[in-house]
**Q** 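Can you keep this structure in mind? I'll have questions shortly.
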Amino acid sequence: MFGLIFFLRKKKISKTFKKRLKEILGYNPRNFRLYEIALIHKSASLRLSDGSLVNNERLEFLGDAVLSAIIAEYLFFQYPNKNEGFLTEMRSKIVNRDMLNDVAMKIKLDSLVISKVNDNTSQNLKGDAFEALLGAMFIDRGFKRTKKFIEGQFLQKFVDLKHLQKTETNFKSKIIEWSQKNKQDISFESFEESTNKSKNTPVFISHLMVLDKVLGTGKGNSKKEAEQKAAKEALSNIKKYF
């Protein structure tokens, strides 16, 4: 990463980028180069002199862990009488891909992301960039500043905890409950769709089968995500067949 930062020093950072980034973050970054890396999707990876490719995946990994820890602490004190299962489910609802994609759109982070793919081939590009941004923030300004941003600019502005408590997001669990209650066998047929290998963007397709009928189909960047979407569609189609 630091080799890439050195490499990027030859390139002048635009005033527009600096201005937009400050508007999103609410503060002046110490190291703009880190945030540049956070906004480079793997499809637009930069190649260093040693041949290695650099993009925002490592910062995304870090940001995901930091976000999860901060949300866990927030919920722990927000719900002092709730059990571990409730807290885990609430955290999952907050950090799910649809939520992060939506937030990235609302703060207009997507306008700064550098990529060579569109939303159809990389559905979570925006949410991944948001997590990478948090990873860059953690390195640049530390845990305290990152926590302040997540609580003030993410949770308070975009997360309605009361609404989330009533929202069902584990559609796969819901369809399994339905199948057991109605004594119907269900199965998921999932596979990886062939994609442009040079862009390294796998897409998974999942079909939810009930009595040899496709009741729901889902597409995602992981098998788990595709199955959840297939289950969600199946739940909305149940009344048509049963």
**Q** Counting only heavy atoms not in Lys22, do more than 12 sit closer than 6.0 Å to its NZ atom?
**A**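 Counting neighbours around NZ of Lys22, more than 12 heavy atoms of other residues, nucleotides or ligands fall under 6.0 Å, so yes.
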
**Q** If the condition is side-chain hydrogen bond (donor to acceptor under 3.5 Å, both in side chains), which residues does Thr217 pass it with, not counting sequence neighbours?
**A**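 So Thr217 forms a side-chain hydrogen bond (donor to acceptor under 3.5 Å, both in side chains) with His207.
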
**Q** Is any side-chain heavy atom of Ile40 less than 4.5 Å from a side-chain heavy atom of Val54?
**A**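 Side chain of Ile40 against side chain of Val54, heavy atoms only: no contact under 4.5 Å found.
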
**Q** Which pairs, with at least one residue in residues 132-143 and sequence neighbours excluded, count as a salt bridge (Lys or Arg N to Asp or Glu O under 4.0 Å)?
**A**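 Salt bridge (Lys or Arg N to Asp or Glu O under 4.0 Å) check on residues 132-143 returns no pairs.
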
**Q** For residues Ile71 and Ile150, determine if any side-chain heavy atom of one lies less than 4.5 Å from a side-chain heavy atom of the other.
**A**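 Side-chain contact under 4.5 Å: yes.
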
**Q** Counting heavy atoms not belonging to Asp185, are there more than 12 under 6.0 Å from its CG?
**A**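 12 or below, so no.
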
**Q** According to the ring pair (Phe, Tyr, Trp, His ring centres under 6.0 Å) rule, which pairs have a member within residues 85-104, sequence neighbours left out?
**A**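 Every ring pair (Phe, Tyr, Trp, His ring centres under 6.0 Å) pair that includes a residue of residues 85-104, provided the two are not neighbours, is Tyr79-Phe86.
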
**Q** If you link ILVMFWY side chains whenever their heavy atoms are less than 4.5 Å apart, which other residues fall into the same cluster as Phe204? By chain and number, please.
**A**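 Under the 4.5 Å side-chain rule, Phe204 groups with nothing.
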
**Q** Among all residues two or more places apart in sequence or in another chain, which pass the side-chain hydrogen bond (donor to acceptor under 3.5 Å, both in side chains) test with Glu84?
**A**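 Listed in chain order: Thr88.
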
**Q** Test of understanding: clusters of I, L, V, M, F, W, Y form through side-chain heavy atoms closer than 4.5 Å, transitively. Do Phe61 and Leu109 belong to the same one?
**A**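 Different clusters: Phe61 never reaches Leu109 through Ile, Leu, Val, Met, Phe, Trp or Tyr contacts under 4.5 Å.
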
**Q** Can you name the residues that form a side-chain hydrogen bond (donor to acceptor under 3.5 Å, both in side chains) with Arg20, not counting sequence neighbours?
**A**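 In terms of side-chain hydrogen bond (donor to acceptor under 3.5 Å, both in side chains), with neighbours along the sequence ignored, Arg20 is linked to Glu23.
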
**Q** Using a strict threshold of under 4.0 Å (side-chain N to carboxylate O), is an ion pair present between Glu233 and Lys229?
**A**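 Salt bridge absent between Lys229 and Glu233.
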
**Q** With sequence neighbours excluded, what pairs up with Ser45 under the side-chain hydrogen bond (donor to acceptor under 3.5 Å, both in side chains) test?
**A**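 So Ser45 forms a side-chain hydrogen bond (donor to acceptor under 3.5 Å, both in side chains) with Asn55.
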
**Q** Just by modelled atom types, is the Lys172 backbone N or O under 3.5 Å from a matching donor or acceptor in the Gln228 side chain?
**A**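 Answer holds: yes.
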
**Q** Which other residues belong to the hydrophobic cluster containing Phe77, where Ile, Leu, Val, Met, Phe, Trp and Tyr are joined when side-chain heavy atoms lie under 4.5 Å apart, directly or via other members?
**A**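 Traced through the cluster, Phe77 reaches Phe76.
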
**Q** May I ask whether Val95 and Leu155 are part of the same hydrophobic cluster, defined by side-chain heavy atoms of I, L, V, M, F, W, Y residues being less than 4.5 angstrom apart, directly or through others?
**A**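 Val95 and Leu155: one cluster.
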
**Q** State, without any angle test, whether Ser190 and Glu227 hold a side-chain donor-acceptor pair at a distance under 3.5 Å.
**A**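 Side-chain D/A pair, Ser190 to Glu227: present.
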
**Q** Please collect all salt bridge (Lys or Arg N to Asp or Glu O under 4.0 Å) contacts where either partner lies in residues 60-69, sequence neighbours excluded, each pair once.
**A**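 Output for this query is empty, none listed.
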
**Q** Is it the case that atom CG in Asn83 sees more than 12 heavy atoms from other parts of the structure closer than 6.0 Å?
**A**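 Counting neighbours around CG of Asn83, more than 12 heavy atoms of other residues, nucleotides or ligands fall under 6.0 Å, so yes.
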
**Q** Would you say the side chains of Gln153 and Lys157 form a donor-acceptor pair under 3.5 Å?
**A**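 Note: Gln153 and Lys157 side chains meet the donor-acceptor criterion.
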
**Q** Can you run down the salt bridge (Lys or Arg N to Asp or Glu O under 4.0 Å) pairs that involve residues 144-153, sequence neighbours left out, and say none if there aren't any?
**A**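 Applying salt bridge (Lys or Arg N to Asp or Glu O under 4.0 Å) to every pair that reaches into residues 144-153, excluding sequence neighbours, yields Glu73-Lys147.
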
**Q** Give every residue pair that meets the ring pair (Phe, Tyr, Trp, His ring centres under 6.0 Å) criterion with at least one member in residues 126-155, sequence neighbours excluded.
**A**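 For residues 126-155, and leaving out neighbouring residues, the ring pair (Phe, Tyr, Trp, His ring centres under 6.0 Å) pairs sorted by first residue read Phe130-Phe154.
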
**Q** Write out all pairs satisfying salt bridge (Lys or Arg N to Asp or Glu O under 4.0 Å) with one or both partners inside residues 94-115, taking only residues at least two apart or from two chains.
**A**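 Checked against salt bridge (Lys or Arg N to Asp or Glu O under 4.0 Å) - neighbours excluded - the pairs reaching residues 94-115 are Arg97-Asp128, Arg97-Glu131, Asp102-Lys106.
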
